[in-house]
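All remarks here apply to the structure that follows.
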Amino acid sequence: MRTLSKATRTLAIAALAALAVPAMAGEAVRILVEPPKDTVSVEAGDPGVDVQIVGQDAAGARVGFGDKKVEVSATEGEFVLVEAPYKYRFIPPATVEQTTGATLRAWLKQNPDVKGEAALQVLPRRPFERLALVAAATSLELGKSLDIEVRGVRTDGTSAAVKDQKIVITSEGVGSVEQIAATVFRYTAPAKSDSKMVGATAHLRARLERYPKVVGDLSVVLTGEAPPGSPGGGTKPPVVPVPATPVPPTAPATPPTTTPPATTPPAQGDEGGVLWPGGNVKLLVWRTKKAKTDEFPTKEREDLPPAGKPFVARAGFHRLRVEIERADVRKVELEWYVGDKKGAPIRVDDGDKDGRLRTEKNKAGKTCAILEFETPDEKPLILNLLLTTAKGEILKEEFVVQRGKDKNNDGSEDGADKGKGGKDKKK
């Protein structure tokens, strides 16, 4: 029978003892590779996502790496150190033809068996920049329904039908929404009997399931029942009936003593206005003046443009009064730029010392934003009214103002008041 020498036995026992000794407390035995919470995919061409890399000891505690160096790799894209020792970034490839899996790996250079990995999906570049919710109206009677089509908007501003993408739509506030076709949804307002809902707003939000950053919004204001025979059915706000004026007898014994109706214009914000396409604000008043030193007229108002259309101005200085329809707005800001200079917008809030934006409450208790600005002669001025909600969501309503021409100095844009004969009418 073969026997081991004493020295050999001693070495064998020492080796077995070494294998049985666990790693020291606080020493990493594995590596955790952690993308942002709930992140399972990224888009090709995106700037990247931050990834945290940290050690874990045998007891499950998170630990550092001491003087050991971490090595990383990725099967797709780039995986780089941003800030030692834990912050890394995964940068996906610029393009992919189809959805591709990317495995992010990390290990200790001094001990490659201490390692970890995470998997992400790299998606082809998003098909649209945002979504547009298209409906016949932005107000709806209680008890009625409104069909809404969801369309995709490309980077150049053109829209197209959404194909091969699942759309998820939710409704905040009141009413319900259901899908009736691949890209068409039906919003149903609360019942007519729920009169306390008159004036409430439903906020509809759509997104692409595969591309959660591709979103779109629509706000629908709820109204009471319209009078019988009102054109447009339930998609228009209720009409306020005007009291009839009694017809005097053919030969009155004495002259009528009724007081003529007042000609004072209604208080701003009490009625009228144009609800802007996003449904978040209503344009109430537009006033203009020719010189900065002039006062804005108190009675004369410019005709409001259709919802979402540009303001064509003959004067250089303007004041807009805009009513904010959402009660959850906590901050109001204004940014603007001239022509295509989107890279350098100027932004102010209602503390602007030059008075270009201020806010105030109207008689109905709603916040109104007052915008004062000057338009350039050649390029259009783009103004974005930014509304920050209680949830931190930033809503944007855009106004485009461009200068018209008034070479004949008749007080209106040339050609805007032409009759059938093609000549300006006399005023």
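Not measured: the values here are computed from a predicted model. Throughout, residue positions are numbered sequentially from 1 according to the sequence presented. The figures here come from the full heavy-atom set of this structure, side chains too, leaving out hydrogens, waters and symmetry mates.
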Quiz item: Who pairs with Asp194 by side chain to side chain contact (heavy atoms under 4.5 Å, CB included), at least two apart in sequence or on another chain?
Solution: Pro190, Lys196, Met197
Quiz item: Are Ile91 and Pro47 side-chain neighbours, meaning at least one heavy-atom pair lies under 4.5 Å?
Solution: no
Exercise. Go through the structure and list residues passing salt bridge (Lys or Arg N to Asp or Glu O under 4.0 Å) with Arg62, not counting sequence neighbours.
Key: Glu34
Quiz item: Aromatic ring centroids of Trp336 and Phe373 under 6.0 Å?
Solution: no
Practice problem: Write down the atom of Glu76, the atom of Phe90, and the distance for their closest heavy-atom approach. | Solution: O-CE1, 3.0 Å
Quiz item: Mind checking whether Val322 and Leu385 have side chains closer than 4.5 Å, heavy atoms only?
Solution: yes
Exercise. Over all heavy atoms of both residues, which pair between Pro310 and Gln402 is shortest? Give the atoms and the distance, please.
Key: CB-OE1, 4.2 Å
Quiz item: Does the pair Val281 and Phe399 meet the rule for a side chain to side chain contact (heavy atoms under 4.5 Å, CB included), with working shown?
Solution: CA-CA 11 Å; Val281 301; Phe399 303 96; 4.3 Å; yes
Exercise. Start with the C-alpha distance between Asp46 and Arg125, add both sets of side-chain angles, then the distance that settles side chain to side chain contact (heavy atoms under 4.5 Å, CB included), and finish with yes or no.
Key: CA-CA 8 Å; Asp46 270 5; Arg125 183 65 182 169; 2.9 Å; yes
Quiz item: Taking only residues two or more places apart in sequence or in another chain, which ones pass salt bridge (Lys or Arg N to Asp or Glu O under 4.0 Å) with Asp294?
Solution: none
Quiz item: If you round to the nearest 0.5 Å, how far is CD of Glu333 from CG of Asp352?
Solution: 11.5 Å
Exercise. Kindly compute the distance separating CG (Leu357) from CG (Asp349), expressed to the nearest 0.5 Å.
Key: 7.0 Å
Please output the side-chain donor-acceptor pairs of residues 163-178 that fall under 3.5 Å, not counting sequence neighbours, one pair per line with the distance.
none

Quiz item: Can you tell me if Asp57 uses its side chain to pair, donor with acceptor, with the backbone of Ala59 under 3.5 Å?
Solution: yes
Quiz item: Distance-only, no hydrogens or angles: does the Trp107 side chain make a donor-acceptor pair with backbone N or O of Ile31 under 3.5 Å?
Solution: no
Self-check item: pair Ile53-Leu32: side-chain heavy atoms closer than 4.5 Å
Solution: no
Practice problem: Please confirm whether the backbone N or O of Thr39 pairs with a side-chain atom of Ser41, one donor and one acceptor, at under 3.5 Å? | Solution: no
Quiz item: Just wondering, do Val63 and Glu27 contact through their side chains at under 4.5 Å, heavy atoms?
Solution: no
Quiz item: Which atom pair, heavy atoms only, marks the closest approach of Leu334 to Leu371?
Solution: CD1-CD2, 3.8 Å
Quiz item: Hey, does Leu284 have a side-chain heavy atom less than 4.5 Å from the side chain of Lys282?
Solution: yes
Quiz prompt | Arg326 to Ser219 - nearest heavy-atom pair and separation | solution = NH1-OG, 4.4 Å
Exercise. Not counting sequence neighbours, which residues clear salt bridge (Lys or Arg N to Asp or Glu O under 4.0 Å) with Arg207? List them please.
Key: none
Quiz item: Are the charged groups of Lys289 and Glu372 less than 4.0 angstrom apart, N to O?
Solution: no
Quiz item: Is there a donor-acceptor pair under 3.5 Å between the side chain of Thr138 and the backbone N or O of Gly279?
Solution: no
Practice problem: Check whether any side-chain heavy atom of Leu395 sits under 4.5 Å from a side-chain heavy atom of Glu393, and report yes or no. | Solution: yes
Practice problem: State, to 0.1 Å, how close Asp217 and Leu133 come at their nearest heavy-atom pair, and which atoms those are. | Solution: N-CD1, 4.0 Å
Exercise. For Glu117, enumerate each residue passing the salt bridge (Lys or Arg N to Asp or Glu O under 4.0 Å) test, keeping only those at least two apart in sequence or located in another chain.
Key: Arg105
Quiz prompt | Spacing of CD belonging to Glu397 relative to CH2 belonging to Trp276, to within rounding of 0.5 Å | solution = 9.0 Å
Quiz item: Heavy atoms, side chains only, cut-off 4.5 Å: are Thr367 and Lys361 in contact?
Solution: yes
Practice problem: Rounded to the nearest 0.5 Å, what's the gap from CZ on Arg186 to CG on Asp147? Could you check? | Solution: 4.0 Å
Quiz item: Rounded to the nearest 0.5 Å, what separation is found between the CG atom of Leu140 and the OG atom of Ser145?
Solution: 7.0 Å
Quiz item: Can you say whether the rings of Tyr88 and Phe79 are parallel (under 30°), tilted (30 to 60°) or perpendicular (over 60°)?
Solution: tilted
Exercise. Using side-chain hydrogen bond (donor to acceptor under 3.5 Å, both in side chains) as the criterion, point out the one residue from Arg126, Arg210, Lys213 that pairs with Glu43.
Key: Arg126
Exercise. Give a yes or no on whether the backbone of Arg287 and the side-chain of Glu300 come within a donor-acceptor separation of less than 3.5 Å.
Key: no
Quiz item: Any sub-3.5 Å donor-acceptor pair from Arg30's side-chain atoms to Gln56's backbone N or O?
Solution: no
Quiz item: Would Leu222 and Val198 satisfy side chain to side chain contact (heavy atoms under 4.5 Å, CB included), going step by step from the backbone distance to the final call?
Solution: CA-CA 5 Å; Leu222 302 181; Val198 173; over 6 Å; no
Practice problem: Would you give the length of the straight line joining atom OG1 of Thr183 to atom CD1 of Ile148, rounded to the nearest 0.5 angstrom? | Solution: 12.0 Å
Exercise. Decide yes or no on side chain to side chain contact (heavy atoms under 4.5 Å, CB included) for Phe311 and Leu320, but give the supporting numbers first.
Key: CA-CA 11 Å; Phe311 297 73; Leu320 299 182; 3.8 Å; yes
Quiz item: So do the side chains of Trp286 and Val274 get within less than 4.5 Å of each other, counting heavy atoms only?
Solution: no
Practice problem: Identify the heavy atoms of Ala161 and Phe128 that sit nearest to each other, and give their distance. | Solution: O-CZ, 3.7 Å
